[in-house]
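What follows is a single structure, written as structure tokens, with notes after it.
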Amino acid sequence: MTNPRTKIGIIGCGDVLDMYMSSSHAFPTIEVAALVDTDPVNLKARSEQFGIPGMSLDTLLGRDDIEFLINLTPPAAHAAISERAFAAGKHVYSEKPLGVTLEEAKRIVASAQRYGRKLAGAPDTLLGAAHRKCRQLLAEGAIGEIVSASAVFMTHGMEHWHPSPNNYFQPGGGPVFDIGPYYIAALVCMLGPIQSVSAISSTGFAQRTVSAQGRNHGQVIQVGTPTTYHALLDFRSGAKASLSMSWDVWHHGRGAPIEVYGTLGTLVVPDPNMFGGTPILRDRHGQETPFDTSQLLLGAPHWKVKDKYRLDKEVTLTNYRMAGAADLVDAVRMDREPFTSPTLVLHVLDAMESILVSARQQQPLMLSTADVALPRMPSEDDIARIVGN
Ligand SMILES: NC(=O)c1ccc[n+]([C@@H]2O[C@H](COP(=O)([O-])OP(=O)(O)OC[C@H]3O[C@@H](n4cnc5c(N)ncnc54)[C@H](O)[C@@H]3O)[C@@H](O)[C@H]2O)c1
């Protein structure tokens, strides 16, 4: 290892920061050395919470010893921050969505190229043990030829757990842009590129009242974006999938978040919003074979938190959100593309945006990135290097 602790700066110290910090111990090659937030009170509190210096964006961009940034600002701020970072010579890992439109995201990618910097983007859960195992099983032909898939995310939304959920209910938010990246990226990594989508949408509740504790408790939000989408995805391989993303559902009994159906059986895929879980193969007779991935790299549950949807319950999550940033650092060292590469991220964003437009226009849409050549997925050796083994 030439540089054991690469310094990283984080911009945006909101709700998701805890997730990132909870797994920073798992990546001994990187060190979070700076925090930035436009809210000085929040910056001070977060700086004290983690014992990491808080500073202005200008100060961070001027720091020669910090070459890597993680952009955890709200989606509408992503482009301006990432573009300034590239101009200052930094590499960037961006939370999703990369930009609020495909055009904006392409501009961000072009900016990285112009300044010769590397860019990677969420979701990085596809680096996780469960999703590597699923792709391995599919590549080995465990369910034969893939025919179709079904993906479902249905909850009652953000207002009961996120301390500032307003943006999530406005244009640029909604379940497809918020949670869709995990589901669509997982499907694309298993089934290949999507060529067209057809979708419908609705808004189940015109208003939301914030019930999460914090400064916005009791705030009434006027919902400005559809909160239920049902989409059909047509893959270049010929496989078809249905995708349901909703914040208008109190409870459902749909079981696994993603299932992939093949000529020989079914693969039950764990939560694509997490890194771990137990993939299950079901053969044509319904015989089940589970695969424990908790012993694999980025597979062990490690983060005890309150369940977002059942605040009286504690869960232990397999949530290694620093993995994408660690992959970016390794990609620069190895002079390779990050696994959560702009190519993959742009294709997923194209699918997300096309779902919204298809629903609005009530017609199927071809993806402009349908002919994309997806990057290779990480091997176990790649993951070992990324976690510093
Ligand atoms: N909250 C989650 O569970 C979660 C999970 C996965 C991904 N994400 C993604 O992470 C990003 C942040 O989400 P969040 O939920 O933490 O949002 P948030 O609203 O809780 O926090 C955003 C923070 O960024 C700061 N900020 C805003 N504009 C800024 C700027 N120009 N420069 C510096 N700081 C700025 C705000 O003051 C705030 O502290 C989003 O892209 C979201 O999609 C969130």
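Since this is a predicted model, take the numbers as computed values, not measurements.
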Between C134 and P279, is any pair of side-chain heavy atoms under 4.5 Å apart? yes
Can you tell me if D58 and S56 form a side-chain donor-acceptor pair at under 3.5 Å? no
pair Q207-Q222: side-chain heavy atoms closer than 4.5 Å: yes
Can you measure from CD1 (I386) to CG (L297) and round to the nearest 0.5 angstrom? 10.0 Å
At their closest point, which heavy atom of F177 faces which heavy atom of G99, and how far apart are they? CE2-O, 4.3 Å
Quick one: does F235's side chain get under 4.5 Å of I146's, heavy atoms only? no
May I ask you to decide whether R107 forms a salt bridge with E103, counting only side-chain N to carboxylate O separations under 4.0 Å? no
For residues P165 and V210, report the shortest heavy-atom separation together with the two atoms involved. CG-CG2, 3.7 Å
Would you indicate whether the side-chain heavy atoms of S82 and S111 approach each other to under 4.5 Å? no
Check whether any side-chain heavy atom of H230 sits under 4.5 Å from a side-chain heavy atom of S242, and report yes or no. no
So does G277 get a backbone contact from the side chain of T293, meaning a donor-acceptor N/O pair under 3.5 Å? yes
Without swapping roles, check the side chain of E353 against the backbone of L102 for a donor-acceptor pair under 3.5 Å. yes
Taking R236 for the side chain and V372 for the main chain, is one N or O donor matched with an acceptor at less than 3.5 Å? yes
Would you confirm whether S244, through its side chain, and V152, through its main-chain N or O, come within 3.5 Å as a donor-acceptor pair? no
Consider only side-chain heavy atoms of I, L, V, M, F, W and Y, link residues closer than 4.5 Å, and tell whether V100 and V223 are in one cluster. no
Tell me whether the rings of Y183 and F153 are parallel (<30°), tilted (30 to 60°) or perpendicular (>60°). perpendicular
Between A326 and F27, what is the shortest heavy-atom contact and its length? CB-CD2, 3.6 Å
Residue pair W247 / M158: nearest heavy atoms and the distance that separates them: CZ2-SD, 3.5 Å
Taking the basic N atoms (NZ, or NE/NH1/NH2) and the acidic carboxylate oxygens, is any pair closer than 4.0 Å for R336 and D327? yes
Group every Ile, Leu, Val, Met, Phe, Trp and Tyr by side-chain heavy-atom contacts under 4.5 Å, then state whether M377 and V269 land in the same group. yes
Have a look at E67 and tell me which of R117, K118, R333 forms a salt bridge (charged side-chain N to carboxylate O under 4.0 Å, His left out) with it. R117
Close side-chain approach of E95 to Y20, heavy-atom, < 4.5 Å: yes
Would you say I30 and M334 are hydrophobically clustered, going by side-chain heavy atoms of ILVMFWY under 4.5 Å? no
Any donor and acceptor pair, going by atom type alone, linking the side chain of H160 with main-chain N or O of A212 inside 3.5 Å? no
With distance as the sole criterion, is a donor-acceptor pair present between the side chains of D248 and T227 under 3.5 Å? yes
What is the distance from atom OG of S354 to atom CG of L365, rounded to the nearest 0.5 Å? 5.5 Å
Within the side chain of S358, is there an N or O that forms a donor-acceptor pair under 3.5 Å with the backbone of A199? yes
Verdict with reasoning, T125 to R321, per side chain to side chain contact (heavy atoms under 4.5 Å, CB included): CA-CA 8 Å; T125 43; R321 294 290 160 142; 4.2 Å; yes
Nearest 0.5 angstrom please: D178 CG to M352 CE, how far? 9.0 Å
Find out if a path of hydrophobic residues (ILVMFWY) with successive side-chain heavy-atom gaps under 4.5 Å connects V249 to I258. no
Taking atom CD of Q362 as the centre, does the number of heavy atoms from other residues, nucleotides or ligands within less than 6.0 Å exceed 12? no
Would you give the length of the straight line joining atom OG1 of T155 to atom CD1 of I179, rounded to the nearest 0.5 angstrom? 8.0 Å
Please indicate whether H25 has more than 12 foreign heavy atoms, meaning atoms of other residues, nucleotides or ligands, lying under 6.0 Å from its NE2. yes
Are any of the side-chain heavy atoms of F86 and L119 separated by less than 4.5 Å? yes
For K90 and R63, work out which heavy atoms get closest and say how close. NZ-O, 2.7 Å
Got a donor-acceptor contact below 3.5 angstrom from the N319 side chain to the M274 backbone? no
At what distance, to the nearest 0.5 angstrom, does CD1 of I200 lie from OH of Y229? 11.5 Å
Would you sort out whether I143 and V260 count as a side chain to side chain contact (heavy atoms under 4.5 Å, CB included), showing the intermediate values? CA-CA 8 Å; I143 62 166; V260 184; 3.8 Å; yes
Same cluster (ILVMFWY, side-chain, under 4.5 Å), V16 and F169: yes
Looking at D18 and R46, is any side-chain nitrogen of the basic one under 4.0 Å from a carboxylate oxygen of the acidic one? yes
Do other residues, nucleotides or ligands put more than 12 heavy atoms under 6.0 Å from R215 CZ? no
So do S246 and P175 actually touch side chain to side chain, heavy atoms under 4.5 Å? no
With side chain to side chain contact (heavy atoms under 4.5 Å, CB included) as the test, would you mind laying out the steps for V36 and T59 before giving the verdict? CA-CA 9 Å; V36 170; T59 305; over 6 Å; no
Donor-acceptor pair, R5 side chain versus T29 backbone, under 3.5 Å? no
Are any side-chain N or O atoms of Q287 and backbone N or O atoms of D283, one a donor and one an acceptor, separated by less than 3.5 Å? no
Provide the closest heavy-atom pair for N42 versus G14 in the form atom of the first, atom of the second, distance. ND2-N, 4.5 Å
One should read off an interatomic distance between H131 NE2 and D271 CG, to the nearest 0.5 angstrom, of 6.5 Å
Would you call D382 and R132 a salt bridge, using N to O less than 4.0 angstrom? no
Start with the C-alpha gap between V329 and Y93, add the side-chain angles, then the distance that decides, and say whether side chain to side chain contact (heavy atoms under 4.5 Å, CB included) holds. CA-CA 9 Å; V329 170; Y93 179 80; over 6 Å; no
Begin from the C-alpha positions of D292 and S294 and carry the test side-chain hydrogen bond (donor to acceptor under 3.5 Å, both in side chains) through to its verdict. CA-CA 6 Å; D292 176 16; S294 64; 2.8 Å; yes
So with a 6.0 Å cut-off around CD of Q49, is the heavy-atom count from everything else above 12? yes
Donor-acceptor pair, distance only, cut-off 3.5 Å: does the side chain of D350 make one with the backbone of L367? no
